[in-house]
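A short worksheet on the structure shown next.
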2 protein chains.
Amino acid sequence: MGRGKLTMELICNERSRMITYHKRKKGLTKKAREFQILCGVDACVIILGPKQNNHPVDVETWPTDLVEVRRIINRFRSEGADRKKTQDLSYFFEARKKKVDDEIAKLRKSLHGKQSSLRGIIV
Amino acid sequence: MGRGKLTMELICNERSRMITYHKRKKGLTKKAREFQILCGVDACVIILGPKQNNHPVDVETWPTDLVEVRRIINRFRSEGADRKKTQDLSYFFEARKKKVDDEIAKLRKSLHGKQSSLRGIIV
DNA sequence: CTGGCTATCCTTAGGCA
DNA sequence: ATGCCTAAGGATAGCCA
């Protein structure tokens with residue numbers, strides 16, 4: 001954009017990169033805001049800026065209200081994870097592991113005093 | 001944009017809203033991708049679509065890899081919260097309270113046997 | 001709905017003060 | 001760094017097939 005096309009790769013010149021960082025950070029959050037308003041949906045953007053010497057990392061979010069950000073993350077964690085269960089392997093395995101853990105816990109509980117019968121069985 | 005300006009408010013017509021939803025969702029994630037590549041930063045977008053009858057909520061993220069999304073959320077939780085300590089009131093007060101509590105604890109400890117000198121002073 | 005098309009508006013890279 | 005300016009390229013609302 002601007003005066004001349006930009007190849008889609010990391011901007012080498014640090015000064016240009018920082019300027020573009022600030023400009024596009026603003027543009028991205030603006031788009032998120034418009035998207036949310038126009039379409040009436042929850043949209044959340046989290047930006048973790050470049051590491052700078054003697055500065056904490058620049059953090060920017062949309063919405064700016066961290067309570068809102070957390071709310072959307074929580075919705076994502078529950079509804080999003082649910083939605084993607086069959087697509088995302090790690091979630092799948094996490095869910096399966098939990099199920100197995102719960103089963104084991106239940107067994108342990110109901111088997112008090114029956115330990116002998118479990119000799120040689122890994123529980 | 002497009003043919004004519006758009007007022008920044010919820011699009012009433014449901015059909016138009018859905019079309020715009022899909023178009024802008026694509027645009028937003030593209031911007032996030034470009035931003036990440038050009039500037040070499042962690043950027044994460046979470047979109048929770050409109051509720052539809054007989055459909056689970058449409059969830060879209062950038063990056064599409066949920067492991068990456070979680071990594072960025074975790075970075076945000078740790079570094080982000082840290083960064084905003086001085087901006088976010090709840091964090092600010094939490095931090096201040098802790099500091100005061102620590103001071104009080106320290107005082108109490110070092111003043112064993114000197115209680116009389118604190119008579120009338122709230123500690 | 002799904003996928004182009006395009007007139008218009010928007011974003012922004014590079015300059016400059 | 002900090003903030004405007006502007007030309008070019010990008011995004012997209014409304015249409016149409």
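All of these numbers come straight from a predicted model, not from anything done at the bench. Convention: sequence-line order gives letters A, B, ...; per-chain numbering from 1. Note that these values count all heavy atoms, side chains included, but never hydrogens, waters or copies made by symmetry.
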Inset, instruction - For DNA chain D, determine which residues of residues 25-42 of chain A have any heavy atom closer than 4.0 angstrom to one of its atoms, and list them numerically. - result: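 By residue number: A:K31.
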Point-to-point distance, once rounded to the nearest 0.5 Å, from [atom1] of [X] to [atom2] of [Y]:
X     : Y     : atom1 : atom2 : value
B:E68 : B:I73 : CD    : CD1   : 11.5 Å
A:T29 : B:K31 : OG1   : NZ    : 12.0 Å
A:I11 : B:L38 : CD1   : CG    : 4.5 Å
A:L48 : B:Q36 : CG    : CD    : 11.0 Å
B:T61 : B:R70 : OG1   : CZ    : 10.5 Å
B:E34 : B:K30 : CD    : NZ    : 5.5 Å

Inset, instruction - For the helix from C:dT2-D:dA17 to C:dA17-D:dT2, figure out the bend between the end axes, five pairs an end, and round to 10 degrees. - result: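 Inter-axis angle at the termini of the helix from C:dT2-D:dA17 to C:dA17-D:dT2: 30°.
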Inset, instruction - Please indicate whether A:Q52 has more than 12 foreign heavy atoms, meaning atoms of other residues, nucleotides or ligands, lying under 6.0 Å from its CD. - result: yes
Inset, instruction - Tell me whether the OP1 or OP2 atom of D:dA13 has a side-chain N or O from B:R24 closer than 4.0 Å. - result: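 Checking B:R24 against D:dA13: at least one side-chain N or O falls below 4.0 Å of OP1 or OP2.
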Legend entry - Verdict with supporting geometry, B:I46 and A:R75, side chain to side chain contact (heavy atoms under 4.5 Å, CB included): CA-CA 10 Å; B:I46 297 172; A:R75 262 198 79 195; over 6 Å; no
Inset, instruction - May I ask you to test the A:P63-A:V69 pair for a side-chain heavy-atom distance under 4.5 Å? - result: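 Side-chain contact under 4.5 Å: yes.
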Nearest-angstrom distance from the residue atom [atom1] of [X] to [atom2] of [N]:
X     : N      : atom1 : atom2 : value
A:I19 : D:dA1  : CD1   : P     : 8 Å
B:L10 : D:dA13 : CG    : P     : 13 Å
B:R17 : C:dC1  : CZ    : P     : 13 Å
B:Y21 : D:dA13 : OH    : P     : 14 Å
B:H22 : C:dT2  : NE2   : P     : 7 Å

Inset, instruction - Tell me whether B:L66 is reachable from A:I72 by hopping between hydrophobic residues (I, L, V, M, F, W, Y) whose side-chain heavy atoms are closer than 4.5 Å. - result: yes
Inset, instruction - Just call it for B:T20: base, sugar-phosphate, or nothing, with non-hydrogen atoms closer than 4.0 Å on any strand. - result: sugar-phosphate
Inset, instruction - Could you walk me through whether A:F76 and A:D42 pass side chain to side chain contact (heavy atoms under 4.5 Å, CB included), step by step? - result: CA-CA 10 Å; A:F76 163 68; A:D42 276 342; over 6 Å; no
Collect all protein-nucleotide pairs involving nucleotides 15-17 of chain C in which both atoms are nitrogen or oxygen and the distance is under 3.5 Å.
none

